[in-house]
Amino acid sequence: MERKTPVSLPEGYVDFFKELENWQNTQQINLKRDTTVERVPLLMLLANHHEPLLRIQPLDIDELRYRSLTEDLTRLIESARPETHESMEKLRQNIGQINFKEIPEQLLNGQDEYFSELADSISISVDLLVFVLDHTLRPFLRLAAEPYNADLELDEFQSWDFPTICPICGSRPHISRLRSQDGRRYMYCERCFTEWEARFLQCVHCGDAEPGDIKYFTIENDDAYQLYICEKCHGYLKTFDERVSGRSTDLFIANIETVYLDMLAREKGYTNHDS
């Protein structure tokens with residue numbers, strides 16, 4: 001059922017991301033058919049190295065497949081957003097300039113200068129270039145992360161206690177959920193769909209757990225979508241409370257739909273500490 005958000009979002013905004021997620025899910029299924037993912041002792045590696053898995057063992061993907069899917073995604077974006085036609089065409093015409101072997105590492109390490117130079121050479125917006133390459137990479141990341149979902153759900157901080165770093169791909173999460181059966185908090189990575197537990201009443205950014213420092217608020221008639229704030233570091237975290245809603249939700253889309261909570265937090269002087 002379509003969720004009615006308390007704040008009006010641009011027409012087609014959420015629908016575009018739903019179409020994008022469907023495309024990514026399809027590509028992940030296709031990749032899974034002919035890709036063998038070798039499991040490693042994840043919890044032991046995390047405990048020993050204190051680094052996300054894909055920094056310990058970099059992602060090894062088929063460069064030609066990555067290139068082909070990038071071209072495919074440009075057509076989806078162009079179809080959904082006709083105003084991007086010129087940029088998508090430029091990207092396709094200059095796709096030979098992109099080194100698909102090194103792109104995953106550059107994306108996961110947030111190498112802004114690298115992408116600025118690449119975007120300049122293609123003559124397109126760096127934000128648009130990163131958006132295309134990042135979202136094309138995500139089916140590969142999700143396939144790599146999939147075998148470890150159960151391990152992380154059961155770990156309870158024993159191997160990984162860095163709430164704002166995904167233990168698989170190293171990305172920063174922007175939303176969490178409170179599990180319906182027990183209220184335990186699980187952080188969510190929208191890049192690789194990994195979830196890992198974080199302490200409930202503790203700031204995920206600075207670790208503060210002093211009484212009264214951690215608060216949350218909601219928008220009227222939207223009680224399941226909560227904004228947790230820390231008065232010490234002025235950080236915030238969006239949270240979906242399954243106990244209130246009585247159901248689970250697609251956190252990838254929930255993060256997109258709740259952009260109004262990001263705006264509200266920033267208006268009040270809070271930050272997600274992304275930079």
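Nothing here was measured: the structure is a model prediction, and the numbers come from that model.
- Within the model, atoms CZ of R199 and CD1 of I214 stand 13.5 Å from one another, a figure rounded to the nearest 0.5 Å.
- Applying the side chain to side chain contact (heavy atoms under 4.5 Å, CB included) rule to A144 yields the partners L59; only residues at least two apart in sequence or on another chain are considered.
- With respect to the salt-bridge test (charged N to carboxylate O, under 4.0 angstrom), the residues R179 and E197 do not qualify.
- Taking the centre and axis of the six-membered ring of Y236, the NZ or CZ atom of K268 falls outside the cone set by 45° and 6.0 Å.
- The ring of Y228 has its center no closer than 6.0 angstrom to the ring center of F217.
- At a threshold of 4.5 Å between non-hydrogen side-chain atoms, the residues N99 and L118 do not count as touching.
- Side-chain atoms of Y260 and D222 form a donor-acceptor pair, as typed in the model, at a separation below 3.5 Å.
- Judged by distance alone, the side chain of T26 and the main-chain N or O of N22 form a donor-acceptor pair under 3.5 Å.
- Applying the ring pair (Phe, Tyr, Trp, His ring centres under 6.0 Å) definition to pairs two or more places apart or across chains, those involving residues 61-114 are Y66-F100, Y66-F140.
- Applying the side chain to side chain donor-acceptor pair (under 3.5 Å) criterion to E63, with sequence neighbours excluded, gives no partner residue.
- Screening residues 10-49 for ring pair (Phe, Tyr, Trp, His ring centres under 6.0 Å) gives Y13-F17 as the qualifying pairs, with residues at least two apart or on separate chains.
- In this structure, H234 and Y270 have tilted ring planes: the angle between them lies in the 30° to 60° band.
- For residues 122-136, every residue pair satisfying the salt bridge (Lys or Arg N to Asp or Glu O under 4.0 Å) rule, not counting sequence neighbours, is listed here: D134-R138, D134-R191.
- Annotation: salt bridge (Lys or Arg N to Asp or Glu O under 4.0 Å) contacts of K215 (sequence neighbours excluded): E231.
- Remark: R185 is not positioned above the aromatic ring of Y216, lacking an NZ or CZ atom under 6.0 angstrom from the ring centre and at most 45 degrees off the axis.
- With K238 contributing its side chain and N255 its backbone, the two residues share a donor-acceptor pair below 3.5 Å.
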